[in-house]
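Bear in mind that the values here come from a model prediction, so they are computed numbers and not experimental data. If you read the sequence from its start, that first residue is 1, and numbering goes on from there. Heavy-atom basis, side chains included; hydrogens, waters and symmetry copies ignored.
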Amino acid sequence: MKLDDVKKLHQKKYRTQFGYYLVEGEHLVLELYKATSKAARSAITLYITDRNEKWANTAVSDLNVQLVSERQMDQLSDTKSPQGIIACVPLPKPHLPTQASDSLQQKVIYLHEIQDPGNLGTILRTLAWFGNFTLLLSPNSVDPYNSKVVRSSMGAIFHVPIELDVELNELDTRYSRFAYLDMQGSAVNTAEFTNFDCYLFGNEARGVPRDALSSFNAEAFTIAGSGAIDSLNLASAVNICVYELSK
């Protein structure tokens, strides 16, 4: 890709158009490298400044490397102090439903119109830490290949199966038992909480639409708290539930 096109990959429409996204920084590039097969690495281009040439030749020697000036790196990066390491990576092929991801061996987390990149990155880290989770994202959710999400996931995005643009009203064609969080539900730290096919979490401000919960006959669960505040941050709520599901 031309450098002028690489710069555009900070915008979703160009990521979709060109089929690439950006991974910035030494740690993230190393995580990407470890998670990528040798054959797939041939499609990755690593842009580095000359101060990182020795590192690239040692740590990621079979990537395609292109040297750029510090000024060009500043234009490619969306951080205030670029490390001088950015990989241009093909977007993963769409993760399609499989028997494995829909089985009891792998739990399914559905996020409806999540907006905050930091929340999504944190959730990805938790799903990768515990393993055996598939993440479904509804339309109008933040793009997981947004550089802020990639960065806040700390490389976890390379290890979690993700399905994009999964319509809420189509979930009941794949799953039969749904759980969600509500202040009036049963406790999440019970054996019953682990018996569902799909766990629904909603937009940070609006939650999951009530009509969908009714049509799915979804069961409500509660994370018990002190009552001092009204609610948990979305990522914190998902993380607690994932921990309970992983026991």
Item checked: Intermediate values then yes/no, side-chain hydrogen bond (donor to acceptor under 3.5 Å, both in side chains), Ser214 and Asp211 -> CA-CA 5 Å; Ser214 297; Asp211 56 347; over 6 Å; no
Checklist line | Audit row: Asp5, Lys8, salt bridge (Lys or Arg N to Asp or Glu O under 4.0 Å) steps and yes/no | finding: CA-CA 5 Å; Asp5 290 332; Lys8 297 176 182 177; 3.7 Å; yes
Check: More than 12 non-hydrogen atoms from neighbouring residues, nucleotides or ligands closer than 6.0 Å to NZ on Lys2, yes or no?
Finding: no
Item checked: Heavy-atom check, side chain of Ile48 versus side chain of Val68, under 4.5 Å -> no
Next item on the list: Quick one: do Phe133 and Val242 satisfy side chain to side chain contact (heavy atoms under 4.5 Å, CB included)? Show the steps, please.
Entry: CA-CA 9 Å; Phe133 284 92; Val242 168; 3.6 Å; yes
Item checked: Any donor-acceptor N/O pair, Arg125 side chain to Leu120 backbone, under 3.5 Å -> no
Margin query: According to a hydrophobic-cluster definition based on side-chain heavy atoms being under 4.5 Å apart (Ile, Leu, Val, Met, Phe, Trp, Tyr only), do Tyr47 and Leu9 belong together?
Written below: yes
Next item on the list: Examine distances only and state if a side-chain atom of His112 and a backbone atom of Pro139 form a donor-acceptor pair shorter than 3.5 Å.
Entry: no
Notebook entry, point to check: Just one of Lys12, Lys148, Arg15, Lys13 clears the salt bridge (charged side-chain N to carboxylate O under 4.0 Å, His left out) bar with Asp143, so which one?
Noted result: Arg15
Check: Do any N or O atoms from the side chain of Thr58 and from the backbone of Lys54 form a donor-acceptor pair under 3.5 angstrom?
Finding: yes
Checklist line | Leu245 CG to Thr194 OG1 distance, which is reported to the nearest 0.5 Å | finding: 7.0 Å
Check: What are the two closest non-hydrogen atoms of Met73 and Pro82, and how far apart are they?
Finding: CG-CB, 4.1 Å
Margin query: Starting from Ile162, can I reach Val23 by hopping between I/L/V/M/F/W/Y residues whose side chains sit under 4.5 Å apart?
Written below: yes
Notebook entry, point to check: Between the side chain of Asn119 and the main-chain N/O of Leu234, is any donor-acceptor distance below 3.5 Å?
Noted result: no
Margin query: Strictly distance-based, threshold 3.5 Å: is any side-chain N or O of Asp182 a donor or acceptor partner for the main-chain N or O of Ala220?
Written below: no
Next item on the list: Any chance you could lay out the side-chain hydrogen bond (donor to acceptor under 3.5 Å, both in side chains) test for Ser138 and Asp165, step after step, and finish with the verdict?
Entry: CA-CA 5 Å; Ser138 76; Asp165 298 324; over 6 Å; no
Note to self: For the OG atom of Ser246 and the NZ atom of Lys107, what is their distance to the nearest 0.5 Å?
What the structure shows: 9.5 Å
Note to self: Taking CH2 in Trp129 as the centre, count heavy atoms belonging to other residues, nucleotides or ligands within less than 6.0 Å. Is the count above 12?
What the structure shows: no
Margin query: Donor-acceptor pair, distance only, cut-off 3.5 Å: does the side chain of Asn57 make one with the backbone of Glu53?
Written below: yes
Next item on the list: Report yes if some heavy atom in the side chain of Ile86 is under 4.5 Å from a heavy atom in the side chain of Leu46; otherwise report no.
Entry: no
Note to self: Take a 6.0 Å sphere around CD of Gln184 and say whether it holds more than 12 heavy atoms from other residues, nucleotides or ligands.
What the structure shows: no
Notebook entry, point to check: Quick one: do Leu3 and Leu63 end up in the same hydrophobic cluster if we chain Ile, Leu, Val, Met, Phe, Trp and Tyr together by side-chain heavy atoms under 4.5 Å apart?
Noted result: no
Check: Out of Gln83, Lys7, Gln72, Glu24, which residue meets the side chain to side chain donor-acceptor pair (under 3.5 Å) rule with Ser77?
Finding: Glu24
Check: Can you check side-chain hydrogen bond (donor to acceptor under 3.5 Å, both in side chains) on Glu219 and Ser186, steps first, answer last?
Finding: CA-CA 9 Å; Glu219 292 197 35; Ser186 305; 5.9 Å; no
Notebook entry, point to check: How many angstroms lie between CZ in Arg174 and CD in Glu163, if you round to the nearest 0.5 Å?
Noted result: 4.0 Å
Notebook entry, point to check: So is Arg41 actually on top of Tyr33's ring, under 6.0 Å and inside 45° of the axis?
Noted result: yes
Checklist line | Single-linkage hydrophobic cluster, 4.5 Å side-chain cutoff, Phe18 and Tyr145 together | finding: no
Next item on the list: For residues Ser152 and Gly118, report the shortest heavy-atom separation together with the two atoms involved.
Entry: OG-CA, 4.0 Å
Checklist line | Side-chain touch Ile123/Ile114, heavy atoms, less than 4.5 angstrom | finding: yes
Check: With a 4.5 Å heavy-atom cut-off, do Leu181 and Cys241 have their side chains touching?
Finding: yes
Check: What pair of heavy atoms forms the shortest contact from Ser69 to Thr49, and how long is it?
Finding: O-CG2, 4.0 Å
Note to self: Please find the pair of heavy atoms, one from Pro144 and one from Ile157, that lie closest to each other, and give the distance.
What the structure shows: O-CD1, 3.0 Å
Note to self: For Thr222 versus Gly185, what's the shortest heavy-atom pair and its separation?
What the structure shows: OG1-N, 2.8 Å
Next item on the list: Drop me the distance from Leu171's CG to Asp197's CG, to the nearest 0.5 angstrom.
Entry: 11.0 Å
Next item on the list: Find the distance between CG (Leu136) and CD1 (Ile109) and round it off to the nearest 0.5 Å.
Entry: 9.0 Å
Note to self: Any side-chain to backbone donor/acceptor pair from Ser215 onto Ala212? Under 3.5 Å, distance only.
What the structure shows: yes
Notebook entry, point to check: Going by the ring pair (Phe, Tyr, Trp, His ring centres under 6.0 Å) test, which pairs reach into residues 201-228, not counting sequence neighbours?
Noted result: Phe178-Phe216, Phe193-Phe221, Phe196-Phe221
Margin query: Check for me, please, whether Val166 and Leu200 land in the same ILVMFWY cluster - side-chain distances under 4.5 Å, paths through other members count.
Written below: yes
Margin query: Pair Leu22, Val89 - check side chain to side chain contact (heavy atoms under 4.5 Å, CB included), show working.
Written below: CA-CA 6 Å; Leu22 299 178; Val89 187; over 6 Å; no
Next item on the list: Answer yes or no: is there a side-chain heavy-atom contact under 4.5 Å between Leu135 and Pro161?
Entry: no
Margin query: Between Thr126 and Val238, is the side chain to side chain contact (heavy atoms under 4.5 Å, CB included) condition met? List the steps.
Written below: CA-CA 9 Å; Thr126 300; Val238 175; over 6 Å; no
Item checked: Backbone N/O of Ser42 and side chain of Asn64: donor-acceptor pair under 3.5 Å -> yes
Notebook entry, point to check: What distance separates Asn140 CG from Leu168 CG, expressed to the nearest 0.5 Å?
Noted result: 12.0 Å
Check: Of all heavy-atom pairs between Ser236 and Leu232, which one has the smallest distance, and what is that distance?
Finding: CB-CD2, 4.4 Å
Notebook entry, point to check: If we only count heavy atoms from C-beta on, is the Leu213 to Tyr180 side-chain gap below 4.5 Å?
Noted result: yes
Next item on the list: Look at the side chain of Asn52 and the backbone N and O of Trp55, then say whether any donor-acceptor pair between them is shorter than 3.5 Å.
Entry: no
Next item on the list: Please confirm whether the backbone N or O of Glu113 pairs with a side-chain atom of Ser141, one donor and one acceptor, at under 3.5 Å?
Entry: yes
